[in-house]
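Quick note: numbers below take in every heavy atom, side chains included, and nothing from hydrogens, waters or symmetry partners. Just so it is clear: chains get the letters A, B, ... in the order the sequence lines come, proteins before strands, and each one is counted from 1.
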Amino acid sequence: MTKITTDQVKHVAHLARLAITEEEAEKFAGQLGSIITFAEQLNELDTSNVEPTTHVLEMKNIMREDKASKGLPREEVLKNAPDHQDGQVKVPTILE
Amino acid sequence: MSLFDQKLSDLQGLLHKKEITVTDLVRESYKRISEVDDQVQAFLTLDEERALAQAEALQSKLSSDGSQGMLFGMPIGVKDNIVTKDLRTTAASKILGNFDPIYNATVVDKLRAADAITIGKLNMDEFAMGSSTENSSMRKTKNPWNLETVPGGSSGGSAAAVAAGEVPFSLGSDTGGSIRQPASFCGVVGLKPTYGRVSRFGLIAFASSLDQIGPITRNVEDNAYLLEAIAGLDPNDSTSANVNVPSYRQALTGDIKGLKIAVPKEYLGEGVSEEVRQSVRKALDVLEGLGATVDEVSLPHSKYGVATYYLLSSSEASANLARFDGIRYGYRADNAENLIDLYKKTRAEGFGDEVKRRIMLGTYALSSGYYDAYYKKAQKVRTLIKQDFDQIFEQYDVVVGPTTPTPSFKIGEKVDDPLTMYANDILTIPVNLAGVPGISVPAGLSSNGLPLGLQIIGKHFDESTVYRVAHAFEQATEHHKLKPGL
């Protein structure tokens with residue numbers, strides 16, 4: 001079984017911007033380890049000459065005319081913002 | 001007898017003959033919800049005031065002989081990951097617990113243009129991640145056939161509401177089986193369209209290369225109506241396909257003489273219960289009796305579907321769910337020290353365990369040093385799974401098998417064991433990976449009285465044939481007439 005350490009879980013949680021407790025890291029380490037081990041059955045297949053599928057339908061880039069359209073009204077955009085001031089979204093201090 | 005025991009075209013006949021009004025239909029829906037939703041818990045939000053106002057407006061249109069949309073006057077429920085302007089939309093997640101969208105999903109605009117009436121929003125697994133609706137952070141939906149069992153998921157609310165007669169029609173979404181599996185568990189009809197058939201604009205994204213919105217109904221004909229109303233190219237979704245939308249109703253001829261059916265041996269093999277196998281064999285006898293031919297085939301890579309799916313869908317989810325950060329909308333944690341801390345606390349408090357598990361799995365599979373071994377490998381196996389279907393569809397019209405390996409299970413039974421829960425979707429996942437359409441239709445009851453489903457899978461953009469076979473089977477059997485005793 002592929003072992004996922006609690007340090008790996010904490011690293012991944014950091015990359016994914018998830019705060020995580022020690023107990024959670026232990027629980028997820030076990031669960032993610034079993035899921036990754038399960039997923040490794042794919043290694044039974046030789047895929048050296050197989051192209052990856054990113055999209056099931058044969059599609060080319062979809063283009064549209066480069067024409068400006070009206071944006072959403074500011075008050076609508078701010079309607080769901082947890083905090084805002086003077087027509088702008090407010091966040092905690094970013095720079096000291 | 002409920003009005004909703006009748007099919008859409010009969011209800012519209014009653015409206016035209018003035019035997020009922022649009023308001024009667026809407027009131028019927030809310031009446032049933034008030035009677036049974038305490039038990040079923042399918043709905044998260046109701047929109048009664050606006051629905052009744054819309055009903056009156058439609059009724060006056062009927063009196064003045066104005067033009068009528070194809071879903072004229074029909075009450076419908078919408079899964080809670082489909083955004084509805086000014087109507088709370090949470091995806092059953094705490095992180096969107098107070099979110100009121102400022103625009104409609106394309107499918108919602110299309111329902112409106114077809115003169116359907118939105119009754120409310122339906123429960124689901126958080127962000128559509130799950131197979132039992134137990135991952136909802138809002139409430140636990142029950143299966144109307146047995147309130148101790150799950151309705152399936154992730155569109156559990158959409159399937160349970162239709163089965164319980166709360167609404168005659170609903171929309172769900174299907175990423176790995178999330179329409180077909182709950183439809184099977186609740187004894188109703190659910191279709192996942194071809195990838196690209198229905199616009200995803202306004203569907204809160206889980207795995208963008210797999211997600212599709214589709215209809216859940218009590219019978220195949222209604223399902224065909226609903227798909228016809230929501231399908232088609234949308235400039236707001238660059239993955240929606242520029243392929244003509246036929247009249248699916250016209251496909252329901254009842255004639256399947258000479259139709260070639262493939263039955264994958266893997267779909268009646270290990271892990272599939274004997275009871276389920278028997279129901280499929282009986283269904284195949286019915287289809288043969290109607291003049292179709294049945295051959296056994298092989299989908300040799302289907303057993304790798306679940307592993308492929310969890311790597312790809314979780315990877316896509318880890319990117320898609322990055323937008324929930326507590327800045328522009330949704331939940332924001334208190335007492336953050338700085339911006340990174342705000343993201344971390346918001347997401348830790350806002351997401352449930354299954355969502356976190358998948359975000360972390362996806363982040364891991366995409367991270368430096370693991371990308372080729374997991375993500376790219378899974379994309380390659382996806383090619384093999386798709387090729388399995390391509391080869392079969394060179395010779396056959398449809399693939400038929402069970403929708404799920406077993407009927408519904410007890411609430412709480414699998415919730416602590418992710419891998420056992422994932423195995424539920426072993427027969428539906430390959431369909432999403434290949435991007436082809438699939439339907440689940442009722443195929444009888446198990447020995448303990450729970451519904452079983454028959455899955456019919458078709459070629460890309462050939463929903464017509466899928467519907468034709470499903471309808472012929474439905475009309476030749478009595479299964480769809482069974483209703484839960486709720």
task = List the steps and the verdict of side-chain contact (heavy atoms from CB on, under 4.5 Å) for B:R332 and A:D83.
result = CA-CA 9 Å; B:R332 180 187 284 191; A:D83 199 2; 3.4 Å; yes
key: Interface residue of largest heavy-atom contact number with chain A, from B:K376, B:R357, B:K345, under 4.5 Å   = B:R357
request  = Examine whether an atom of A:H14 lies under 4.5 Å from a heavy atom of chain B, and if so say whether it belongs to the side chain, the backbone or both; otherwise answer neither.
outcome  = both
key: Interface moiety of A:Q41 toward chain B, non-hydrogen atoms closer than 4.5 Å   = both
query = Is the count of non-hydrogen atoms from other residues, nucleotides or ligands lying under 6.0 Å from A:H84 atom NE2 greater than 12?
reply = yes
Heavy-atom proximity to chain A below 4.5 Å, by part of B:F461 = side chain
ask   = What part of A:N43 is in contact with chain B, defined as an atom under 4.5 angstrom from a non-hydrogen atom: side chain, backbone, both or neither?
value = both
inquiry  = Heavy-atom cut-off 4.5 Å, strictly under: side chain, backbone, both or neither for B:Y375 against chain A?
reply    = neither
inquiry  = So, taking the atom named NZ in B:K380 and the one named CG in A:D46, what distance separates them when rounded to the nearest 0.5 Å?
reply    = 9.0 Å
ask   = With only heavy atoms counted, which part of B:S318 is less than 4.5 Å from chain A, the side chain, the backbone, both or neither?
value = neither
query = Which heavy-atom pair separates B:G330 from A:P82 by the least distance, and what is that distance?
reply = O-CG, 3.5 Å
Contact check, side chains of B:Y364 and A:I4, non-hydrogen atoms, under 4.5 Å = yes
key: A:K27 and B:D416 ion-paired at < 4.0 Å   = no
ask   = Side chain, backbone, both or neither: which part of B:A322 has an atom under 4.5 Å from a heavy atom of chain A?
value = neither
note = chain A shares the most heavy-atom pairs under 4.5 Å, among B:N242, B:T346, B:D353, B:N98, with B:D353
ask   = When heavy-atom pairs shorter than 4.5 Å are enumerated against chain A, which of B:I340, B:I359, B:D417 gives the highest number?
value = B:I340
note = Under 4.5 Å to a heavy atom of chain A? For B:P101 that would be backbone
inquiry  = To check you understand the geometry: which heavy-atom pair defines the closest contact between A:L45 and B:H301, and what is its length?
reply    = CD2-CD2, 3.8 Å
ask   = Between B:L339 and chain A, which part of the residue has a heavy atom less than 4.5 Å away: side chain, backbone, both or neither?
value = both
request  = Side chain from CB out, backbone as N, CA, C, O: work out which of these in A:L32 comes under 4.5 Å of a heavy atom of chain B, or both, or neither.
outcome  = side chain
request  = Examine whether an atom of B:L210 lies under 4.5 Å from a heavy atom of chain A, and if so say whether it belongs to the side chain, the backbone or both; otherwise answer neither.
outcome  = neither
key: Structural part of A:L78 lying under 4.5 Å from a heavy atom of chain B   = neither
query = With side chains defined as the heavy atoms from C-beta onward, is the minimum distance between A:H55 and B:T239 less than 4.5 Å?
reply = yes
query = Which bit of A:F28 is near chain B, if near means a heavy-atom gap under 4.5 Å: side chain, backbone, both or neither?
reply = side chain
Option that, when pairs with chain A are counted at under 4.5 Å, heavy atom only, ranks first among B:L311, B:I327, B:L321, B:L433 = B:I327
ask   = Quick one: what part of B:I102 sits under 4.5 Å from any heavy atom of chain A, side chain, backbone, both or neither?
value = both
query = What option among B:Y343, B:Y422, B:F351, B:Y195 has the most heavy-atom pairs under 4.5 Å with chain A?
reply = B:Y195
ask   = If you draw a 6.0 Å radius around CZ in B:R323, do more than 12 non-hydrogen atoms from other residues or ligands fall strictly inside?
value = yes
ask   = Any side-chain heavy-atom pair from B:L361 and A:I36 closer than 4.5 angstrom?
value = yes
note = The interface call for B:S314 against chain A, heavy-atom contacts under 4.5 Å, is neither
request  = Spell out, as yes or no, whether a donor-acceptor pair under 3.5 Å connects the side chain of B:K356 to the backbone of A:A13.
outcome  = no
query = Considering all heavy atoms of both residues, which atom of A:L15 and which atom of B:S367 are nearest to each other, and what is their separation?
reply = CD1-CB, 4.5 Å
request  = Determine the option with the most heavy-atom pairs under 4.5 angstrom with chain B, choosing from A:I62, A:I20, A:T47.
outcome  = A:T47
message = Could you report the tightest heavy-atom contact between B:A348 and A:L18, atom names first, then the distance?
response = N-CD2, 4.2 Å
message = Quick check on A:L57 against chain B: is it the side chain, the backbone, both or neither that has a heavy atom closer than 4.5 Å?
response = side chain
ask   = Given side chains that start at C-beta, do those of B:R382 and A:V56 come closer than 4.5 Å, heavy atoms only?
value = yes
message = Minimum heavy-atom separation for A:A39 and B:A307, please, with both atom names.
response = CA-CB, 3.8 Å
Heavy-atom proximity to chain A below 4.5 Å, by part of B:V306 = both
query = With a 4.5 Å limit on heavy-atom distance, are the side chains of B:Y304 and A:E44 in contact?
reply = yes
key: A:V91 versus chain B, the contacting section by heavy-atom distance below 4.5 Å   = both
query = Sub-3.5 Å donor-acceptor pair from the side chain of B:T383 to the main-chain atoms of A:T53, do we have one?
reply = yes
Non-hydrogen side-chain atoms of B:N338 and A:P92 separated by less than 4.5 Å = no
ask   = For B:K377 and A:L42, which heavy atoms make the closest approach, and how far apart are they?
value = CE-O, 3.1 Å
message = If you define the side chain from C-beta out and look only at heavy atoms, does anything of B:M360 sit under 4.5 Å from A:Q31?
response = no
Stepwise side-chain contact (heavy atoms from CB on, under 4.5 Å) check, B:R358 with A:I35 = CA-CA 10 Å; B:R358 297 204 201 190; A:I35 297 170; over 6 Å; no
note = Bottom line for B:Y374: the part with an atom under 4.5 Å from chain A's heavy atoms is side chain
key: Neighbour count >12 (heavy atoms, 6.0 Å) for atom CD, B:E270   = no
